[in-house]
Each structure stands twice: as structure tokens, then as C-alpha cells.
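One structure below.
FYI, side chains are in, hydrogens and waters are out, and symmetry mates aren't considered; it's all heavy atoms of this structure.
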Amino acid sequence: MSTVSRAYGDAHPLQRTPWARYRHSLWLLTTRDLKVRYSTSALGYVWSVLDPLVMAGIYWFVFTQVFQRPVGTDPYIVFLLSALLPWMWFNGSVSDSTRAFLKDAKLVRSTMIPRTIWVNRIVLSKGIEFLLALPVLALFVVVFHAEVYWELALFPIAIVLQAILTAGVALIVAPLVVFFRDLERAVKLALRFLFYASPIIYGVTDLPSQLHFWAAFNPLSGIFGIYRAGFFPEELDWFNVAVSAGMSLAILAVGLWVFRSSERQVLKEI
């Protein structure tokens, strides 16, 4: 008996499974975004790492050179970047999701692809930029002789949890901004507050002891703790991780519900 196999890329779109068509469309839109973003810039990839590097440099100078305060763990630049880089992924995805439907309104109305793709392609493209920035973190680990521990193997878990959390928040924000345009500015203010309320320039252990329990209910706390654990094992708190995982899944469920409940009205409004 002979079997005829056909590669996924050679299959006719209508012969693919719904999930395969979804992944194909998501990847096409994501790569389109990345190509447009990099092709219109002379520096291209450099811009994806320049912003977090400048921010990290400022905070490193302020806390270690000016105030000389014991914040985080040495080497502080590695401690800072291991949370700042994933924050840029979260911040960029949520911020850009406020324009997910308004920016491409004609395409959203005229195409039949699942509308969640218009949000998830932002999360995916920003996630790819985050991955492309990781060599910068590795460079600072080598230059500052930071120790590497087995907990670095947990890094992919943090990526998965953050993808779930970020997609959930973006799926809530994207449709609501269509109905309440002022929400776009409110989201930017909320992200600014969340930056300082999250353990980025400091660690959870730097907080007063009475705040440790409540800090766990910021889902980014457990996620950033996993990212840092490969270099600073004391930052890994399994209670924080469990809370982050539960909240991330809950936020994704709420995001899907909000999105599906408002999808028809969104199409009428844009």
C-alpha cells in the first residue's frame, strides 16, 4: 500500500484543518508586521533592544551610582534586564492592542479570518522581538560574570505564562477601546503605574514583608520571578508562580468571553 503525503505548505488552504488555517493566517500577519516595522527603519533590529537598554542604563546609573542603594541583586544590570525585557513585550503588546481594530478596520471587516488573530498577531510579533533581544541579556550575563543555575531551564514556562497573560489582557482591551476611545489613554496610564507596581527595578524580596503576600496577586510577579531564577534562584517563589498561572488562565478566559461577546458590535463600530 502506498501513501501520498503532502507538506503543510503545499496543501490547499481549504484542505487544512481550522487550527492549521488559523496558525497559517496568524503567522502571515505577524511576519508582515515585522517586515513592515524593520523595512522602514535604517537600524531595524537595533531599535528592538535600544529602548530597554537605555532604560536599564538609566536605572542602573541612578540606583548603583547616584543613590548607591541595595536594590535587587548583583549584578544589578542582569537583574534589571531579566525583568525589563519581558516587560517590554507585555507593555508593547497591550499598548498596541488598543489600535488592533482601528488601525486595520477595512481588513478586519472584509476578511473572514478569526478576529482574534488581529490581537494575537500583536502579542506574537512583540514576543518574537523579545526573543530576539535575549542575546543582549546573555551578553551582559557573560560580561558581568553572572552565575547561571539550573532554574534557567524554567525560562520557557515563563514565556508560556506571559503569552497567556498578555493575550488575555489584549483580548479585553482591544474590543473595549472601540466603544470607549478614552480607554486608550487610560491603558497607557495604567501601564505606567503597573511598571512601578511590578518587580522590575526591584524584587519582591525588596518590598516590606507585609506586602509580599499581596505582591503575588500581580501576575507579573511570579512570571518575572521565573525569568530571574536562572541567575538569582532566591527570586523563585512557587506560591507567586501558582498565583500567576491561575490568574493568567483566568484573565485569558475573561478575555475570550469579552471578545466573543462584543465581536459583532465591534464590526459595526469600526
Next item on the list: Before giving the answer on side-chain contact (heavy atoms from CB on, under 4.5 Å), spell out for Val241 and Leu154 the whole-Å C-alpha distance, their side-chain angles and the decisive distance to 0.1 Å.
Entry: CA-CA 11 Å; Val241 172; Leu154 301 176; over 6 Å; no
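For the residue pair Ala83 and Pro199, the shortest heavy atom distance occurs at CB-O, 3.9 Å. Tyr149 and Ala229 get closest at one heavy-atom pair: CB-O, 4.4 Å. Considering all non-hydrogen atoms of both residues, Glu235 and Val204 come closest at OE1-N, 4.1 Å. Leu207 and His212 get closest at one heavy-atom pair: O-NE2, 2.9 Å. The two residues Asp74 and Phe232 have their closest heavy-atom pair at O-CE2, 3.5 Å. Across Ile251 and Pro219, no two heavy atoms sit closer than the pair CD1-CG, 4.5 Å.
The ring-ring contact (aromatic ring centres under 6.0 Å, His included) check on Tyr227 picks up Phe130, Phe155, with sequence neighbours excluded.
Tyr22 places no side-chain N or O within donor-acceptor distance of the main-chain N or O of Ile113, the cut-off being under 3.5 Å. At distances below 3.5 Å, not a single donor-acceptor pair connects side-chain atoms of Thr166 with backbone N or O atoms of Val123. Looking only at distances, a side-chain donor or acceptor of Gln162 sits under 3.5 Å from a matching main-chain atom of Pro86. Under the 3.5 Å distance criterion, the side-chain polar atoms of Ser198 are left unmatched by any main-chain donor or acceptor of Phe195. Side-chain N or O atoms of Ser93 include none that pairs as donor or acceptor with a backbone N or O of Phe90 at under 3.5 Å. Remark: the backbone N or O of Val258 is not paired with any side-chain donor or acceptor of Ser261 at under 3.5 angstrom.
We find the CG-CG distance between Leu85 and Leu80 to be 9.0 Å, quoted to the nearest 0.5 Å. Annotation: the span from Ile77 atom CD1 to Tyr59 atom OH amounts to 12.5 Å, rounded to 0.5 Å. Summarising the geometry, atom CG belonging to Leu26 is positioned 9.5 Å from atom OG1 belonging to Thr31; distances are rounded to the nearest 0.5 Å. Separation of atoms CG (Leu81) and CZ (Arg228) is listed at 10.0 Å; rounding is to 0.5 Å. Atom-to-atom distance recorded for Ile117:CD1 and Leu124:CG is 11.0 Å, nearest 0.5 angstrom. Taken to the nearest 0.5 Å, the CG atom of Asp206 stands 12.0 Å off from the CG atom of Leu211.
Residues Met247 and Leu165 have side chains not in contact (no heavy-atom distance under 4.5 Å, counting atoms from C-beta outward).
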Do any side-chain atoms of residues 170-193 form donor-acceptor pairs under 3.5 angstrom with protein atoms, and if so which ones, sequence neighbours left out?
unit_1, atom_1, unit_2, atom_2, d
Arg181, NE, Val178, O, 3.1
Lys188, NZ, Ser95, OG, 3.1

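Relative ring orientation between Phe144 and Phe140 is described as parallel, the plane-to-plane angle staying below 30° on a 0-90° scale split at 30° and 60°.
The cluster map of Ile, Leu, Val, Met, Phe, Trp and Tyr, joined by side-chain heavy atoms under 4.5 Å apart, puts Phe79 and Phe224 in the same cluster. There is a path of hydrophobic side-chain contacts, each under 4.5 Å, that joins Leu137 to Ile226.
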